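In this chain, residues are counted from 1 in sequence order. Remember, it's a predicted structure, so these values are computed and weren't measured experimentally. No hydrogens, no waters, no symmetry mates; every other heavy atom, side chains included, goes into these values.
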Amino acid sequence: MKIGFIGTGVMGHAIVGHLQKAGHELHVYNRTKAKTADLVAEGATWHDTPAQVAAASEIIFTMVGYPSDVEEVYYGPVGIFQSEIGGKVLVDLTTSTPSLAEKIAKTAIEKGASSLDAPVSGGDLGAKNATLTIMVGGDEATFNRVLPLFEIMGKSYALHGGPGKGQHTKMANQIMIAGTMTGMTEMLVYSRAAGLNQPKVIETLAGGSASNWSMENYGPRILKEDYSPGFFVKHFIKDLKIALDEAAKMGLDLPATTLAKDLYEKLADKGFQDDGTQALIKLWWS
């Protein structure tokens with residue numbers, strides 16, 4: 001297939017690599033052109049605007065930072081919707097707002113195209129290992145058309161309903177992650193203060209009911225003082241704010257998620273917004 005990919009950051013870069021290795025023709029754009037250099041060296045074609053990527057591609061993926069970036073990539077003066085997209089498929093992998101996903105779907109239909117909101121979970125490791133979980137909103141026919149590509153980049157992929165439902169599912173995911181990250185962090189703080197062998201504690205807990213992805217993947221990184229971003233603090237704050245906003249619309253109070261958001265904002269205020277989410281431990285360990 002002729003595939004467009006807009007946003008080759010930490011995760012997008014790895015996904016493009018998998019699609020290239022599978023033999024697809026890739027057309028790429030990123031705000032920082034240098035981040036596509038090795039992809040272009042491997043055969044991808046660089047384009048100067050999202051609109052140009054869309055013009056050259058059958059299926060266009062986007063994976064950018066914030067809802068405002070998604071809006072710009074689709075609706076901006078050189079955005080995807082400035083191109084002729086009849087018969088094409090637009091797939092937004094960004095964690096964004098359900099309302100924006102619904103808006104994109106409506107515009108796509110008006111222009112004779114189709115779209116999916118398909119946020120992912122699994123971080124940098126999931127992207128590199130092609131083990132992402134992909135949560136999809138849209139119609140079944142479009143989902144089935146893109147499914148062979150989802151199978152290349154992930155290990156779990158499910159359609160959860162119409163436009164916006166993928167984003168709602170990702171919000172449920174982030175609410176769960178908020179709890180596991182705070183729990184994992186406080187576990188490490190406690191076990192160190194108690195004088196325990198922390199690698200052994202992680203190994204032991206991973207074999208019981210306390211087992212979770214955050215502990216098994218981020219715990220060892222913390223012990224090595226590796227705070228490189230598999231997922232940025234600033235992006236997690238964005239996600240938690242979206243989740244809380246959506247919860248408020250439904251009349252829900254989520255105190256644990258609110259506390260996690262407050263802790264991560266405190267971490268960002270200390271200058272660690274570009275660290276990985278495992279840097280939450282820095283609120284206790286300097």
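If you check the side chains of Thr180 and Asn212, you find no donor sitting under 3.5 Å from an acceptor. A donor-acceptor pair shorter than 3.5 Å can be found between the side chains of Thr94 and Asp92. Looking at Thr95 and Lys170, their side chains do bring a donor and an acceptor atom within 3.5 Å of each other.
The minimum heavy-atom distance between Gln167 and Ala101, with the atom names listed, is CG-CB, 4.1 Å. Of all heavy-atom pairs between Gly4 and Val53, the closest is CA-CG1, 3.5 Å. The nearest pair of heavy atoms linking Lys234 to Asp274 is NZ-OD1, 2.7 Å. Among all heavy-atom pairs drawn from Gly87 and Arg145, the shortest one is O-NH1, 3.1 Å. Across every non-hydrogen atom of Gln82 and Ala51, the tightest pair is CB-CB, 4.4 Å.
In terms of the salt bridge (charged side-chain N to carboxylate O under 4.0 Å, His left out) criterion, residue partners of Lys282 (sequence neighbours excluded) are, by chain and number, Asp275.
Atom CE of Met135 sits about 13.5 Å away from atom CG of Leu159, to the nearest 0.5 Å. Summarising the geometry, atom CD1 belonging to Ile60 is positioned 7.0 Å from atom CD1 belonging to Ile85; distances are rounded to the nearest 0.5 Å.
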Please tabulate, for the side chains in residues 247-258, all donor-acceptor contacts under 3.5 angstrom to protein atoms that are two or more places apart in sequence or on a different chain.
{"unit_1": "Lys249", "atom_1": "NZ", "unit_2": "Glu246", "atom_2": "OE2", "d": "3.3"}
{"unit_1": "Thr258", "atom_1": "OG1", "unit_2": "Leu254", "atom_2": "O", "d": "2.9"}

Pair Tyr74-Thr107, side-chain hydrogen bond (donor to acceptor under 3.5 Å, both in side chains): steps then yes or no: CA-CA 10 Å; Tyr74 282 88; Thr107 305; over 6 Å; no
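Screening residues 171-220 for ring-ring contact (aromatic ring centres under 6.0 Å, His included) gives Trp213-Tyr218 as the qualifying pairs, with residues at least two apart or on separate chains.
In this structure a side-chain-to-backbone donor-acceptor pair under 3.5 Å is present from Glu84 to Gly86.
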